[in-house]
Chemist: 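Can you read through this structure? Questions will come right after.
Residue numbers run from 1 in the order of the sequence given.
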Amino acid sequence: MRGCLLKSLSFLLLFGFAACKKDKPDGPDNTLPPAYAEKVLIACEGSLGNGNAALSVYDIAADSVYTDVFNAANQQSLGDVLQSMLLAGPDCFLMVNNSDRITVVDSGSFRIKGSIAVPKPRYMLQVSQNKAYVGELFQSKLAVIDPSSRRLIKEMPLQYRNVEQMMLWNNLALIANWDENCRQVYLLDTATDLPVDSIALPGYAPSAFVQDKEGHVWVLAGNVFKGKPATLSCLDIGSRSVLRSFTFPAKADPIKICRNNGGDTLLFIEVNYDGGTDRNGVFKMGINQSTLPETPFIGCVANQYFWALGVHPQTGELYVGDPKGFVQKSSVTIYSEAGVARRQFSCGIGVSSFCFK
């Protein structure tokens with residue numbers, strides 16, 4: 001679990017921006033944003049074992065930050081390690097990984113609507129109104145849940161452990177097993193929940209997908225801690241073929257892949273675990289580029305790394321999160337599409353992902 005490994009590093013993270021708007025003080029932690037506001041939901045893992053995960057919210061129009069809306073709405077802590085979240089209709093599903101549950105809240109009031117017991121939930125893929133898949137850390141299983149009734153239907157056995165991100169492609173679900181022995185992307189029939197095919201990859205341990213404007217699917221793979229170099233491969237799902245593949249330099253650890261709104265540029269974070277600036281920051285790569293980028297689009301300073309990356313679906317602005325070692329409040333910086341810093345604010349501990357509402 002990459003978050004756990006990074007949290008053990010004793011980085012002191014200091015980062016100043018002269019060109020962007022600085023924080024204004026957060027409102028009291030017991031306040032909530034207006035239900036009608038255009039929001040950015042921010043998943044904050046917290047520090048492992050401390051039970052201090054938080055759901056933060058940025059109100060774009062009011063330029064206001066709410067550090068822990070779950071606690072404010074429910075007068076209780078969210079739990080231990082908020083791994084990811086998914087908006088589905090009026091509901092927000094929160095994968096509280098180390099608390100072994102999915103907590104469901106109303107996406108406007110953030111009040112609890114229910115919970116689903118799932119061991120070490122990682123990411124959730126909604127298949128239909130009454131079906132979703134949830135990956136489980138350390139397990140060779142895939143949980144099948146009903147989001148409407150908020151119950152676990154069954155667990156499907158898989159060949160490999162650690163289902164990470166998933167993606168729908170027509171009536172198939174693409175499954176990434178972040179297992180150092182796995183070098184396939186599995187295709188599940190969403191009607192039967194069974195594997196029907198696979199695509200062999202050049203590298204091991206697939207973890208994330210993103211689809212470009214041409215309909216091709218890019219898969220990020222690798223586990224540097226298990227000696228598996230990181231790779232980025234472009235797949236044609238229809239023909240079950242690998243069109244192109246790139247291998248990252250040794251020790252490079254790319255994470256959090258996404259794309260710009262035009263679908264012609266990939267964006268991802270690389271983390272330097274030694275505290276240096278080499279291959280450390282946000283990188284961007286055109287989908288027709290013939291080589292991996294060598295220098296970051298948005299670089300880190302020494303003893304800093306990023307852990308969250310998102311693209312606003314309307315403005316195209318980049319939201320970049322710095323977890324500050326998972327020991328203090330994180331910072332989020334908003335950049336223009338050209339990489340110009342515009343705004344910076346604080347949020348909960350261990351910022352990891354964004355949802356735009």
Chemist: Within the side chain of Arg343, is there an N or O that forms a donor-acceptor pair under 3.5 Å with the backbone of Thr333?
Modeler: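 No.
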
Chemist: Does the side chain of Thr103 come within less than 4.5 Å of Val105's, by heavy atoms?
Modeler: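 A side-chain contact exists here, since the closest heavy-atom pair is under 4.5 Å.
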
Chemist: Give the intermediate values and the outcome of salt bridge (charged side-chain N to carboxylate O under 4.0 Å, His left out) for residues Asp253 and Arg279.
Modeler: CA-CA 9 Å; Asp253 191 23; Arg279 305 209 69 88; over 6 Å; no

Chemist: Is it the case that atom CZ in Arg240 sees more than 12 heavy atoms from other parts of the structure closer than 6.0 Å?
Modeler: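 Yes.
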
Chemist: Please check this pair: side chain of Ser47 against backbone of Asn50, looking for a donor-acceptor N/O pair closer than 3.5 Å.
Modeler: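 Answer holds: no.
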
Chemist: Between Thr231 and Thr247 (side chain of the first, backbone of the second, donor and acceptor by atom type, cut-off under 3.5 Å), is there such a pair?
Modeler: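 Flag not set: sc Thr231 to bb Thr247 has no pair under 3.5 Å.
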
Chemist: Asp59 side chain to Asp63 main-chain N or O, any donor-acceptor pair under 3.5 Å?
Modeler: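 Judged by distance alone, no pair lies under 3.5 Å.
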
Chemist: Is any side-chain heavy atom of Ser198 closer than 4.5 Å to a side-chain heavy atom of Val185?
Modeler: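 Not in contact.
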
Chemist: Can you tell me if Glu294 has over 12 outside heavy atoms packed within less than 6.0 Å of its CD?
Modeler: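 Check fails, neighbour count at 12 or below.
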
Chemist: Heavy atoms only: give me the nearest Ala73-Ser109 pair and the separation to one decimal.
Modeler: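 Looks like CB-O, 3.4 Å.
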
Chemist: Atom CZ in Phe70, atom CZ in Arg111: separation rounded to 0.5 Å?
Modeler: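 Interatomic distance, Phe70 CZ to Arg111 CZ, rounded to 0.5 Å: 12.0 Å.
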
Chemist: Connecting only ILVMFWY residues whose side-chain heavy atoms lie within less than 4.5 Å of each other, what is the rest of Leu168's hydrophobic cluster?
Modeler: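 Same cluster as Leu168: Leu125, Val127, Tyr133, Leu142, Val144, Ile153, Met156, Leu158, Tyr160, Val163, Met166, Ile175, Tyr186, Leu188, Leu194.
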
Chemist: What are the two closest heavy atoms between Ser346 and Lys329, and how far apart are they?
Modeler: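 For Ser346 versus Lys329, the nearest heavy atoms are CB-CD, 4.3 Å.
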
Chemist: Kindly say whether Gly222 contributes a backbone atom to a donor-acceptor pair with the side chain of Trp178 at under 3.5 angstrom?
Modeler: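 Checked: pair present.
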
Chemist: Could you check whether any side-chain heavy atom of Phe283 comes within less than 4.5 Å of a side-chain heavy atom of Glu270, counting everything from C-beta outward?
Modeler: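 In short, these two side chains touch, coming nearer than 4.5 Å.
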
Chemist: Is there a side-chain contact between Thr265 and Ile287 in this structure, where contact means two heavy atoms from C-beta onward sitting under 4.5 Å apart?
Modeler: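 In short, these two side chains do not touch, never coming nearer than 4.5 Å.
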
Chemist: Does Ser148 reach the main-chain N or O of Gln129 with its side chain, forming a donor-acceptor pair under 3.5 Å?
Modeler: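 Yes; judged by distance alone, with no hydrogens or angles, the pair exists.
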
Chemist: Run the numbers on Thr277 and Asn280 for side chain to side chain donor-acceptor pair (under 3.5 Å), then give the verdict.
Modeler: CA-CA 5 Å; Thr277 58; Asn280 195 10; over 6 Å; no

Chemist: Evaluate Met95 against Phe93 for side chain to side chain contact (heavy atoms under 4.5 Å, CB included), listing each step before the verdict.
Modeler: CA-CA 7 Å; Met95 313 305 125; Phe93 292 78; 3.6 Å; yes

Chemist: Near Glu214 CD, under 6.0 Å, is it more than 12 heavy atoms from other residues, nucleotides or ligands?
Modeler: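 Yes, because the 6.0 Å sphere around CD of Glu214 holds more than 12 heavy atoms from other groups.
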
Chemist: Determine whether a donor-acceptor pair (N or O, by modelled atom type, separation under 3.5 Å) exists between the side chain of Ser245 and the backbone of Ser233.
Modeler: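 Side chain of Ser245 to backbone of Ser233, a donor-acceptor pair under 3.5 Å: no, none is there.
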
Chemist: Do Tyr123 and Leu187 sit in the same hydrophobic cluster, where Ile, Leu, Val, Met, Phe, Trp and Tyr count as joined when their side-chain heavy atoms come under 4.5 Å apart?
Modeler: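 No, because Tyr123 and Leu187 fall into different hydrophobic clusters, even though each may have its own neighbours under 4.5 Å.
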
Chemist: May I ask you to test the Asn97-Leu82 pair for a side-chain heavy-atom distance under 4.5 Å?
Modeler: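 No, too far: nothing below the 4.5 Å cut-off.
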
Chemist: Let me see the working for Leu201 and Leu235 under side chain to side chain contact (heavy atoms under 4.5 Å, CB included), right down to the final yes or no.
Modeler: CA-CA 9 Å; Leu201 296 174; Leu235 310 183; 4.0 Å; yes

Chemist: Residues in ring-ring contact (aromatic ring centres under 6.0 Å, His included) with Phe110, at least two apart?
Modeler: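 For Phe110 there are no ring-ring contact (aromatic ring centres under 6.0 Å, His included) partners, ignoring immediate neighbours.
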
Chemist: Quick one: does any side-chain atom of Asn261 pair with a main-chain N or O of Pro313 as donor and acceptor, under 3.5 Å?
Modeler: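 Pair found, side chain donor or acceptor close to backbone of Pro313.
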
Chemist: Determine whether Lys284 and Glu337 satisfy the following criterion, salt bridge (charged side-chain N to carboxylate O under 4.0 Å, His left out), listing intermediate values before the conclusion.
Modeler: CA-CA 11 Å; Lys284 70 174 184 176; Glu337 291 183 271; over 6 Å; no

Chemist: Step by step, would you call Arg342 with Glu317 a salt bridge (charged side-chain N to carboxylate O under 4.0 Å, His left out)?
Modeler: CA-CA 9 Å; Arg342 291 178 169 170; Glu317 291 176 315; 2.8 Å; yes

Chemist: Is there a donor-acceptor pair closer than 3.5 Å between any side-chain N or O of Lys154 and the backbone N or O of Ile145?
Modeler: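 Checked: no pair found.
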
Chemist: Over all heavy atoms of both residues, which pair between Arg183 and Gly203 is shortest? Give the atoms and the distance, please.
Modeler: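 Smallest heavy-atom distance, with atoms named: CB-O, 3.4 Å.
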
Chemist: For Phe354 and Tyr58: C-alpha separation, side-chain torsions, deciding distance, then whether side chain to side chain contact (heavy atoms under 4.5 Å, CB included) applies.
Modeler: CA-CA 10 Å; Phe354 306 99; Tyr58 175 52; over 6 Å; no

Chemist: Salt bridge between Glu136 and Lys120, side-chain N to carboxylate O under 4.0 Å?
Modeler: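 Salt bridge: no.
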
Chemist: Would you check, one step at a time, whether the test side chain to side chain contact (heavy atoms under 4.5 Å, CB included) holds for Leu232 with Leu292?
Modeler: CA-CA 9 Å; Leu232 176 63; Leu292 290 170; 4.3 Å; yes

Chemist: Taking Met167 as the starting point, is it possible to reach Leu220 by hopping between hydrophobic residues whose side chains are less than 4.5 Å apart?
Modeler: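 Different clusters: Leu220 never reaches Met167 through Ile, Leu, Val, Met, Phe, Trp or Tyr contacts under 4.5 Å.
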
Chemist: Which atom names give the shortest non-hydrogen contact between Asp212 and Gly263, and what distance separates them?
Modeler: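 Scanning both residues completely, I find the closest heavy atoms to be CB-O, 3.4 Å.
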
Chemist: With sequence neighbours excluded, give me every ring-ring contact (aromatic ring centres under 6.0 Å, His included) pair touching residues 232-263.
Modeler: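 Every ring-ring contact (aromatic ring centres under 6.0 Å, His included) pair that includes a residue of residues 232-263, provided the two are not neighbours, is Phe248-Phe268.
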
Chemist: Does atom NZ of Lys141 have more than 12 heavy-atom neighbours from other groups under 6.0 Å away?
Modeler: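 Above 12, so yes.
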
Chemist: Would you say Arg259's side chain and Leu267's backbone share a donor-acceptor pair under 3.5 angstrom?
Modeler: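 Checking the backbone N and O of Leu267 against the side chain of Arg259, no donor-acceptor pair under 3.5 Å is found.
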
Chemist: Give me the atom names and distance for the closest heavy-atom approach of Ser77 to Asn71.
Modeler: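 For Ser77 and Asn71, the tightest heavy-atom pair comes out as N-ND2, 3.9 Å.
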
Chemist: For Asp68 and Ser56, test the side chains for any donor-to-acceptor distance below 3.5 angstrom and give the result as yes or no.
Modeler: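 Not at all, the side chains of Asp68 and Ser56 share no donor-acceptor pair under 3.5 Å.
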
Chemist: Find out if a path of hydrophobic residues (ILVMFWY) with successive side-chain heavy-atom gaps under 4.5 Å connects Val210 to Met285.
Modeler: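 Yes, because Val210 and Met285 connect within a single hydrophobic cluster, where side-chain heavy atoms sit under 4.5 Å apart.
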
Chemist: Considering the options Ile112, Leu78, Ile102, Val104, which one meets the side chain to side chain contact (heavy atoms under 4.5 Å, CB included) requirement together with Leu94?
Modeler: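 Of all the options given, the one that passes is Leu78.
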
Chemist: Counting C-beta onward and ignoring hydrogens, is there a side-chain heavy-atom pair between His216 and Cys234 closer than 4.5 Å?
Modeler: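 Yes, close enough: below the 4.5 Å cut-off.
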
Chemist: What is the distance from atom SG of Cys355 to atom CG of Leu86, rounded to the nearest 0.5 Å?
Modeler: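 Taking SG in Cys355 and CG in Leu86, the distance rounds to 7.0 Å.
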
Chemist: I'd like to check the side-chain hydrogen bond (donor to acceptor under 3.5 Å, both in side chains) partners of Lys39; sequence neighbours left out, ordered by chain and number.
Modeler: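 Once residues adjacent in sequence are excluded, Lys39 has no partner under the side-chain hydrogen bond (donor to acceptor under 3.5 Å, both in side chains) criterion.
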
Chemist: Is there any side chain to side chain donor-acceptor pair (under 3.5 Å) pair reaching into residues 162-177, and which pairs are they, with sequence neighbours excluded?
Modeler: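 Applying side chain to side chain donor-acceptor pair (under 3.5 Å) to every pair that reaches into residues 162-177, excluding sequence neighbours, yields Arg122-Glu164.
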
Chemist: For Phe356, give me all partners under ring-ring contact (aromatic ring centres under 6.0 Å, His included), at least two apart in sequence or on another chain.
Modeler: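 Listed in chain order: His312, Tyr319.
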
Chemist: Taking NZ, NE, NH1 and NH2 as the nitrogens, is one of them in Asp179 or Arg161 under 4.0 Å from a carboxylate oxygen of the other?
Modeler: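 The answer is yes: the pair qualifies as a salt bridge.
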
Chemist: Test salt bridge (charged side-chain N to carboxylate O under 4.0 Å, His left out) on Asp91 and Lys113; report intermediate values, then the result.
Modeler: CA-CA 8 Å; Asp91 296 337; Lys113 299 180 74 171; 2.6 Å; yes

Chemist: For a 4.5 angstrom cut-off between non-hydrogen side-chain atoms, does Ser352 reach Lys256?
Modeler: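 Sidechains of Lys256 and Ser352: in contact.
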
Chemist: Compare all side-chain heavy atoms of Trp218 with those of Gln211 and state whether any distance is below 4.5 angstrom.
Modeler: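 With C-beta onward as the side chain, the pair stays apart.
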
